[in-house]
Amino acid sequence: MAEFQAPKGVPEYFPPRSSAFLAVREALAHPARCAGYGYIELPVFEDTSLFVRGVGESTDVVSKEMYTFLDRGGRSLSLRPEGTAGVMRSIVENRLDKGALPVKLWYAGPFFRAERPQHGRYRQLQQVGLEAVGSDDPALDAEVIAVADEAYRRLGLSAYRLDLTSLGCAECRPAYREQLMAFLERCDLDAATRERAASNPLRVLDDKRESVQAQLVDVPVMVDALCEACSTHYDAVREFLRDASVEWSEAPRLVRGLDYYTRTTFEFTHEMLGAQSGIGGGGRYDGLMESLGGASLSGIGFGLGTDRTLLACEAEGLDVAADGLVDVFVVPIGPAARRVAVGVATQLRGAGIRVDMAYGDRGLKGSMKAADRSGAPLVVVIGDDEVQSSSAQIKNMADGAQETVTLESLVADVGARLSQKGTL
RNA sequence: GUGGGUGUAGCUCAGCUGGUAGAGCGCCGCGUUGUGGUCGCGGAUGCCGCGGGUUCAAGUCCCGUCACUCACCCCA
């Protein structure tokens, strides 16, 4: 065992898998940029109270999964467990809400939850997310969902599903909540579940245990208790989703772990990931900004799990990072050639071509082996003969064909061959 | 936080009822003079997770510990 180990539950990505990680993150962010979302870079820690107020004191995320510490001034800070609260804070603090609405922002980076690690559940997790604040147009709900769906589709994923429901609003949810609590009162539940039913009854709905689900067959659901406004809103969202050709399943018992959600709520799950199947989710949060001291603006957003999406791609056998690391591999034979090779590699790199070369004195055979492993489609070979004649050999690794070109035209010749292959 | 499983070469793993370690892949080299991928030959690499105990003897049994892993809980 190595003397030092990464903290428990923290995934690390290094070659070759890190290429796939980057590709996934890029694929998740791309649709957001295509839809007019601007990038926001946020602190990874905030005042603890921001999360307590924003995410909700009764949530597991805040009550037992935060990394909280005191700074030297005695302030309580926490590593961010999710992204929305921080985005809201920044919008209010920087007066973004005074500008054009809706404010549309995307972000990416690490989040932290002190949970027991599991396949796809990490203490440092990567997410790509977005928020759209300042409009309750149901078309915006549909846009956010369609953007997430496009992100997964773009990667080639197919074994996933979208669950959708509406959680109502401050008008209709309290009454439903009463109704639900009354129903749960009559159920036979263990102490822990009973406690949850009292503090956050909705969360009992997605309890996985058979013993609990069996009692919930006739449980009242929120979608049947929506007020006029919420019902109209939800109908419109679904219509727009049809217009956007997004497929979903009605999930009246869908519950999310964060308290701020209202109205439209959704979750993407992948069927090949085991217990940690959620690959992304989000929803509307109409009262959040106001509760954080901002204007009374509604908002909607999502968070997509980068780690889990990568796992999903791997489970489906998708080759996300089809591209190799380099385009050209330079092989010098002998010390004189090495000096030429260093210059050649630098020139090629200056032209934007990705180049690696053979280091150490491993001989031509070994160098060619290294060239092969690098995955470069082209190899530039330089020996004493080439040094004498100021030339180089360009070898095409796919068919073994080799041609002599002058050093002056090398960069252009390599460029031409690469663009012919479509690698540039 | 609760329960189950596993920890042996870089990787995947084999080591039966205790006798001081193996395979495949990978890696390095060779198969003559300047060319990779196939094939053949050769080679290097292990505090058998860590600590303790039983024993003449422990990778193999017992206890502890750490790590990883699966599930619950929760969520991305």
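We name chains A, B, ... by the order of the sequence lines, and we start the count at 1 in each one.
Rounded to whole angstrom, the span from the NZ atom of A:K369 across to the C1' atom of B:rG36 amounts to 9 Å. A:L125 has its CG atom 9 Å from the P atom of B:rA76, to the nearest Å. Rounded to an integer number of Å, the gap from A:I333 CD1 to B:rU35 P is 8 Å. Whole-Å rounding puts the A:Y122 OH to B:rC68 P distance at 12 Å. Rounding to whole angstrom units, CZ of residue A:R362 and P of B:rG36 are separated by 13 Å. Here B:rA76 presents its C1' atom at 12 Å from CZ of A:F266, a figure rounded to the nearest Å. As rounded to whole Å, 15 Å separates atom C1' of B:rG31 from atom CG of A:L364. B:rC73 atom P lies 18 Å from atom CZ of A:R194, rounded to whole Å.
Across the C1' atoms, B:rG19 and B:rU55 are found 12 Å apart, a figure rounded to whole Å. Taking the P atom of each, B:rC47 and B:rU54 are spaced 26 Å apart, rounded to whole Å. Atom C1' of B:rU8 sits at a distance of 8 Å from the matching atom of B:rA21, rounded to the whole Å. Separating the P atom of B:rG59 from that of B:rG53 is a span of 15 Å, rounded to the nearest Å. The C1' atoms of B:rC75 and B:rU17 are separated by 47 Å, rounded to the nearest whole Å. When the P atom is compared between B:rA57 and B:rG52, the two are found 15 Å apart, to the nearest whole Å. For the P atoms, the distance from B:rG29 to B:rU38 is 15 Å, rounded to whole Å. A gap of 45 Å separates the P atoms of B:rG64 and B:rC28, to the nearest Å.
Classification of A:R154 and A:E26 as a salt-bridged pair fails, no side-chain N sitting under 4.0 Å from a carboxylate O. One finds no salt bridge joining A:D141 and A:R263 here, because no Lys/Arg side-chain nitrogen approaches an Asp/Glu carboxylate oxygen to under 4.0 Å.
The phosphate of B:rC28 (OP1 or OP2) has a side-chain N or O of A:R373 nearer than 4.0 angstrom. A sub-4.0 Å separation between OP1 or OP2 of B:rG36 and a side-chain N or O of A:K365 is present. Taking only side-chain nitrogens and oxygens, A:R116 never comes nearer than 4.0 Å to OP1 or OP2 of B:rC75. One finds a side-chain N or O of A:H119 lying less than 4.0 angstrom from the OP1 or OP2 phosphate oxygen of B:rC70.
Residue-to-nucleotide contacts include no donor-acceptor pair under 3.5 Å from the side chain of A:D372 to the base of B:rG37. Checked by distance alone, A:R308 brings a side-chain donor or acceptor within 3.5 Å of a matching partner on the base of B:rC75. If you check distances only, the side chain of A:E386 does reach the base of B:rG34 with a donor-acceptor pair under 3.5 Å. For A:Q118 and B:rU69, a side-chain-to-base donor-acceptor distance below 3.5 Å is absent, hydrogens and geometry of angles not being considered. On a pure distance criterion of 3.5 Å, no polar donor-acceptor pair joins the side chain of A:R121 and the base of B:rA76.
Across all strands, A:K395 comes closer than 4.0 Å to base atoms (heavy-atom distances). Counting non-hydrogen atoms under 4.0 angstrom, A:E65 reaches the backbone sugars and phosphates but no base. As judged by a 4.0 angstrom heavy-atom cut-off over every strand, A:R256 is placed among residues touching the sugar-phosphate backbone only. Residue contacts for A:D385: at a heavy-atom cut-off of 4.0 Å it reaches a base atom on one of the strands shown. Contacts of A:F111 with the nucleic acid, taken as non-hydrogen atoms under 4.0 Å apart, are absent. Looking at heavy-atom distances under 4.0 Å, A:G120 makes contact with a base. Among the protein residues, A:G400 comes within range of the nucleic acid bases, having at least one heavy atom under 4.0 Å from a base atom. Residue A:A398 is classed as a base contact, given a heavy-atom separation below 4.0 Å to a base.
A donor-acceptor contact shorter than 3.5 Å links the side chain of A:R121 to the backbone of A:R116. Side-chain atoms of A:R308 do not come within 3.5 Å of backbone N or O of A:L273 as any donor-acceptor pair. No donor-acceptor distance shorter than 3.5 angstrom exists from the side chain of A:E290 to the backbone of A:G287, with no hydrogens or angles considered.
A perpendicular orientation is assigned to the rings of A:Y67 and A:F112, their planes being inclined by more than 60° (bins at 30° and 60°). Ring orientation note: the planes of A:Y285 and A:Y260 are nearly perpendicular, at an angle over 60° on the 30°/60° scale.
Taking each heavy atom of A:L184 and A:A197 in turn, the nearest pair found is CD1-CB, 3.8 Å. Of all the heavy atoms in A:V62 and A:G56, the pair that sits closest is CB-O, 3.4 Å.
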Review point. Could you write out RNA chain B as a dot-bracket string, with dots for unpaired bases, | for bases paired across to another strand, and Watson-Crick or G-U pairs counted at under 3.5 Å?
Key: (((((((..((((........)))).(((((.......))))).....(((((.......))))))))))))....
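Comparing B:rG34, B:rA76, B:rC73 by their nearest atom to the side chain of A:V381 picks out B:rG34. Among B:rU35, B:rC74, B:rG3, the nucleotide with an atom closest to any side-chain atom of A:Q276 is B:rC74. Checked against B:rG34, B:rA76, B:rC68, the side chain of A:Q393 finds its nearest nucleotide in B:rG34. The side chain of A:E115 lies closest to B:rC74 when the candidates are B:rC74, B:rC68, B:rG34.
Along RNA chain B, the nucleotide nearest to A:K64 and the one nearest to A:I279 differ in position, and the one closer to the 5' end is contacted by A:K64. Judged by closest nucleotide on RNA chain B, A:G366 is the one of A:G366 and A:L273 placed further toward the 5' end.
For A:Y37 and A:E143, the side-chain atoms include at least one donor-acceptor pair closer than 3.5 Å.
A salt bridge (Lys or Arg N to Asp or Glu O under 4.0 Å) with A:E46 is found for one member of A:R80, A:R53, A:R89 and no other, namely A:R89.
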